[in-house]
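Scroll down for the structure; my scribbles are underneath it.
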Amino acid sequence: MITISELSLNFSGEPLFKDVNLKFTEGNCYGVIGANGAGKSTFLRILSGDLDASTGTVAIKPNTRMSVLKQDHFAFNDETVLNTVLGGNPRLLEVMHEKDALYAKDPFTEEDGNRAAELEAEFAEMGGWDAETETARLLGGLGLDADAVLYTEMKNLGDVEKVKVLLARALFGKPDILLLDEPTNHLDIQAVRWLEDFLADFEGTVLVVSHDRHFLNNVCTHIVDIDYGKIKLYVGNYEFWYESSQLIQRMIKDQNRKNEEKIKELQNFIQRFAANKSKSRQATSRRKLIDKLTVEELPASSRRYPWVAFDADREAGKDILEVRGISKTIDGEKVLDNVSFIVRRGDKIAFISDNELAMTTLFQILIGEIKPDEGSFKWGVTTSQSYFPKDNNEYFEGHTENMLDWIAPYSRTDTLESTLRGFLGRMLFSGDDVYKPVRVLSGGEKVRLMLARMMLFGSNVLVIDQPTNHLDLESITAVNNGVRDFKGTVLFASHDHEFVQTIATRIIELRPTGTLDKECTYDEFLEFRETYQG
C-alpha cells in the first residue's frame, strides 16, 4: 500500500532520520513510537504529503484514498458537523455541492440533466445515500449525540467535541489508509474501546502515533520505531517491543555472561509472547510472524528512562484515611455528593468518574487545599502525604529560580549541589539543563520536576492526579513502574488504561450520588460495571 525508499529528512543540516526503506501493507496497524522530538508526527506529515522529504520517495498504490487526523480545532468553524465529517471524503462532498448547485438552476437544461445523472451515479457508488447514517454512527461511537450536533456549526462546539468530530472525519467513508496522530486524546473509556474495535475491523492500512500503551497493545500488529536517527519496523504490539528492547539492553550491558544462555532466554520469551491471546482478529497472523523472529531482528534502543522510585521514611500504621459524607458544589455544579470510603494500609485506589472535576476536587479536599461543603475526613496520625496536582502552574509561574534552586528546599537531608545534580540527572536533567529557569520548562519537564519533588518527601501516602499528562512513553513507563513498586498507599486518577490496570488494587467510581467501590483490577471493574444495576 505504501512503499518508502531511501527516505531522509534534514533539519538545519542535521539528519532527523535517514536511509529509511519500509513497506506498509493492507490489514495491518503500525504504531509509530519514539522519544519526544524523534520525528513521529513529522514522519506522518511526509507520508500525507504535507512535508517534503530531503531525499527518497513515498510511493502509494494508485487510486488509494488516504485520510489524516488533523487536530486543528478552528479549521472548520463555519461548517456544520455533518459537512465537516463528510469532508473526510473530499470527492463525495464535492459531488454533493455540485449536485445541489445543478438542481437549484433555473432553467434546468438537458445538459444539466445529463451531468446530474453522472453525479448521481458517482454519488451512489461512493455510498452517498448512507453518508449521513454513517456519520451518525461514527459520532455516536465516539460519545457524541448525533441528533443534537449533526447540523450544528463547529464553532459552537467545545474543544473536546471538536476533537471527536475531527476523528470521525478521518474515519469516514472507508479510506484505504489512515494516518492518526494521538487519536485517543480527550476520549473517554467507552470511546477508546469503540475506536479499538473499529481499527481491529479496519481492512486498510493504519499508522498511529499514540502515548496510550494499552491502545497500542490492542490495535497494533507492528511497531515503527524512530530511534538512532533511523526508522525500523518490528512485528508485534508495544508490550512485545518494550519487553524485547529491555531484554536486548540487558544482553548488551552484560557481555560477560554466556551469549548462548541469553539467546535461549530471548527465544523462550518470543515463544511465550507468540502464544499470548490477543484481542484483535489479526492475532493469528501476528503470532505466525512472531514465530519467525530471530534475535537479530529485535530492537535495541538509545532511549533514556527517568529514574522514578518512591521510598517512605516510615511505615504507616493501620489507620490511613476515613472519609465520611463529603459533598462539594463548584460554580453551581454539585461535583461531589455524599462521598464516603475508608482507606486501608497498602491500598492502591484508582478514582474514576464521568466528571473529571470530581476527582480533582476530592484530592484538593483531602490534601487541604479547599474545604468540603458537607462531611469530613481524617488522616491517620502516622501518615504523611505527597500530592501531585493535575495543574502545577502555581509551582512555576512567576518563579525566577533555576531547577537546582527550586528543588533544594524540598531536600530534607542533603542540599549539596553535587547531590542535587545527581538526583536531577536521574530524572534526565543533565549538564547545564539544571540552570534553566523553571518558568520556561516544557510541560513534560515540569511533570518530571514535580515527581522529583515528591520523591524527596519520603511520604507513605501518595495522592496523584493525572501524572502521565505531557509525558512521553519512556517517562510514562518509568512513573508507572515507580508507583506500582511503591510499598505505601496510593490514591490516584489517570486516563492511562495501562497505568490504572497495572497499579490499582481497588477502584472507586465517583458517581452523581455517592460511590461505587470495588476491590479488583481496572479491567474487572469495567466488566462489572457493564452489568451493575445500582
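All residue numbers refer to positions in the sequence shown, counting from 1.
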Inset, instruction - Determine the minimum heavy-atom distance between Pro467 and Ser494, stating which atoms define it. - result: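 That closest heavy-atom pairing would be CD-CB, 4.5 Å.
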Inset, instruction - Apply the test salt bridge (charged side-chain N to carboxylate O under 4.0 Å, His left out) to residues Glu79 and Arg169: give CA-CA distance (whole Å), side-chain angles for both, the deciding distance (0.1 Å), then the verdict. - result: CA-CA 12 Å; Glu79 292 282 0; Arg169 173 187 173 92; over 6 Å; no
Legend entry - Neighbour count above 12 (heavy atom, 6.0 Å) for Asp354 CG: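 No, not enclosed.
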Legend entry - Residues, nucleotides or ligands: over 12 heavy atoms within 6.0 Å of Arg115 CZ: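 More than 12 heavy atoms, drawn from other residues, nucleotides or ligands, come within 6.0 Å of this atom.
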Carboxylate-amine/guanidinium proximity below 4.0 Å for [X] and [Y]:
{"X": "Glu120", "Y": "Lys99", "result": "yes"}
{"X": "Arg193", "Y": "Glu196", "result": "no"}
{"X": "Asp227", "Y": "Lys232", "result": "no"}

Any donor-acceptor pair under 3.5 Å linking the side-chain atoms of [Y] with those of [X]?
{"X": "Asn28", "Y": "Thr25", "result": "yes"}
{"X": "Asn77", "Y": "Lys162", "result": "yes"}
{"X": "Asp523", "Y": "His497", "result": "yes"}
{"X": "Ser475", "Y": "Asp472", "result": "yes"}

Under 30°, 30 to 60°, or over 60°: which ring-plane class applies to [X] and [Y], parallel, tilted or perpendicular?
{"X": "Phe202", "Y": "Phe198", "value": "parallel"}
{"X": "Tyr242", "Y": "Tyr238", "value": "parallel"}
{"X": "Phe499", "Y": "Phe492", "value": "perpendicular"}

Legend entry - Contacts of type side chain to side chain contact (heavy atoms under 4.5 Å, CB included), residue Thr55, not counting sequence neighbours: Ser8
Please confirm whether the backbone N or O of [Y] pairs with a side-chain atom of [X], one donor and one acceptor, at under 3.5 Å?
{"X": "Thr221", "Y": "Cys29", "result": "yes"}
{"X": "Asp50", "Y": "Arg45", "result": "no"}
{"X": "Thr57", "Y": "Ala59", "result": "no"}

Legend entry - Intermediate values then yes/no, side-chain contact (heavy atoms from CB on, under 4.5 Å), Asp517 and Arg506: CA-CA 7 Å; Asp517 186 343; Arg506 179 178 165 193; 2.7 Å; yes
Inset, instruction - Give, for atom CZ of Arg484 and atom OG1 of Thr505, the distance between the pair rounded to the nearest 0.5 Å. - result: 14.0 Å
Inset, instruction - Could you point out which residue of Ile330, Thr329, Leu510 forms a side-chain contact (heavy atoms from CB on, under 4.5 Å) with Thr361? - result: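 Single pass found, and it is Ile330.
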